[in-house]
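Both backbone and side-chain heavy atoms feed into the values below; hydrogens, waters and symmetry mates do not. Just so we're clear, the structure is a prediction, and the values are computed from it rather than from any experiment. Numbered from 1 within each chain, the chains take letters A, B, ... in sequence-line order.
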Amino acid sequence: MNLKELYQEIILEHGKNPRNLRKTENFNKDAKGNNPLCGDNVHVYLKLDENKKVHDISFEGSGCAISMASASIMTDLVKGKTEKEVKEIVEDFLGMIKENPDLKTNLLKDDEKTKLMCLSGVKQYPMRVKCATLSWHTLVTAIDKDNVKVNTERKKLDIMSVKEKIIEEIKKIYDPELPVNIYELGLIYDIQVEDKKAKIKMTLTTPNCPVAESLPKEVKDGAMQVEEIDDVDLQLVWDPPWNKEMMSEAAKLELNL
Amino acid sequence: MKIDQIKKEFPIFDEKIQNNDLVYLDSANSSQKPKIVIDRINEFYTKQFSNVGRSVHYLAVAATNMYENTRSSVQKYINAEDKNEIVFTKGATEALNLVANTLGQKYLEEGDEVIITELEHHSNYVPWHFLRKSKNIKINFAEINEFGEVPIENIEKLITAKTKIIAVNHLSNVTGAILPIKEITELAHAKGIIVVVDGCQGAPHLKIDVQDLDCDFYAISCHKMYGPTGLGILYGKKKWLEELPPYQGGGGMIKEVKKDRISYGDLPNKYEAGTMATAQVIAFDQSIKFLEKVGIENIVNHEKELIEYGQEILKKNNSVKLIGNPKNKGGVLSFTIEGVHPHDIATILDEDGVAIRAGHHCCQILHDKLGIPASARASVGIYNTKEDLDQLNESINKCKKIFDL
């Protein structure tokens, strides 16, 4: 085991001054990855042009020198490559980190391969392999995620499931005076999901409701719990006014109505 | 007390770890094992093995007696009133899950509140979180102060008419803060609140007297107490263990099983379903003997001296930032180095044979609060010396050099 092999000049340099550590404007694909072992996280942003070539790639996150250097070198190398080429490079890199003695791809120049080979030192540190591969796995997730979005049927499904997740969260919130959650109670009039933003329209049983301030905040916080949601636009509306008919059958049953 | 001699009882220190002497500073994660514990496991499997509590042949009866003997030793060691208040589990994690699950089933109603602290290990948070989902309970977090301790006022101010349980750790595995369990219990019991203590770091490093602490439950991790892995202990007041429902069903925990009804065994069998970690339980008796021989007062004093010394030298080391400076501190030195990620620190220290832990130490809530993703942690045990901490400091300097600090 040789520490110098692991912490080579180039890794320390990239680790300290990572390239492309920013957020791409108008990115059209992204994914988050994290390593539950150490709490390291990375968010990869991609902007592909119409030919599915990487026009820009960037990342945000924090981690050890190995993971930051790996993400930094990765973002430098895949610029200008097509989706398919990116995947080939990722596969080659992961193969090298896991078992292969060198890189096989013809898509990288020799000096680029040399840079990547600097990361091969982690082979001797099985616990650190994940540090080197986290951003690469995240890049593939970002690419595949986009394929899901290309398929419109899938897109609908995706949004449905995000909406369902929000509903699940809202169902955890109860009106303090009733044994029924506020979703079954019919207080939620509308939920729409656009990108990462949820638009929720809700009401309260009465404008004089003692939880008028806290309940909408609870709903907002609940929706924010959903991983895919970054922002919540919550509107408290009084029209139409709430009435008992808006309750679900289950809620009516629970309240013996 | 001669630490050199105590250290000799641990065979691992005779080993060269990658050509280095081992500087083991990861005891808060798991402690090393003395020879008597290792030998006992070997002896039991070689000469005495049988399952316990079932068959009537000679080996089974002898093994059962040995197994129950450990229960009595643990009872004495933590001064429990009754032997049946000691339940063996597969770990402290299972002990805490058992408490949360059974209290949740029998005792908690929708809207009830549980107070935990920002210092808690995930094993004293996640089991309560399950009840958020299944019982719609609320969890309130008592905040830490600037020293990384939880003043009792921060717990007191969260108590409402709905508070049913206070679940706290005895000694923080990150800041080293020792919580005033006795005072917390007095406060809680005056209001009819149950106190559950995660004693994973408390039991190896402090004198434990559960009757004096008066807590309702106390969870112990045996592998952090110079004992085998795969074994934990739940202390529970008899009235609770009798009243609460069983946790797992299976062999050994029943009295009578019919097609239309089942009755459960008496304590402690009610909570020990299936074949238990027999060899570990029997070997743990030797861990207790080891602890008694060294003496908990000696352990407390030695570790206090080490931690004070460690704090002193690390404070002088530029760019090292210690996490938590509680008045009452035990066992651990957590730190960060500006400009070096904790995982890089751990890998570089490892090359010198210095074993520490890096990461969030299963305390993400605390690390979020501190605004850091991870930290490095050196933790001590009875076998550590000041020289170990000097080596830690020296290796930290090497780390700074590599990163050009």
query: Side chain, backbone, both or neither: which part of B:Asn136 has a heavy atom under 4.5 Å from chain A?
result: side chain
field: Heavy-atom pair count under 4.5 Å with chain B, highest-scoring of A:Ser67, A:Gly15, A:Gly63
entry: A:Gly63
query: From B:Ile337 CD1 over to B:Asn317 CG, what is the distance, rounded to the nearest 0.5 angstrom?
result: 7.0 Å
task: Check each atom of B:Lys398 against the heavy atoms of chain A and say whether the ones under 4.5 Å are side chain, backbone, both or neither.
output: side chain
query: Does a salt bridge link B:Lys16 with B:Asp21, judged by any charged N lying under 4.0 Å from a carboxylate O?
result: yes
- prompt: Is A:Lys172 salt-bridged to A:Glu169, going by a charged N under 4.0 Å from an acidic O?
  reply: yes
- request: Please flag which part of A:Ile66 lies under 4.5 Å from any non-hydrogen atom of chain B: side chain, backbone, both or neither.
  value: both
statement: Per side chain to side chain contact (heavy atoms under 4.5 Å, CB included), A:Val140 is matched among A:Val90, A:Val44, A:Leu94 by A:Val90
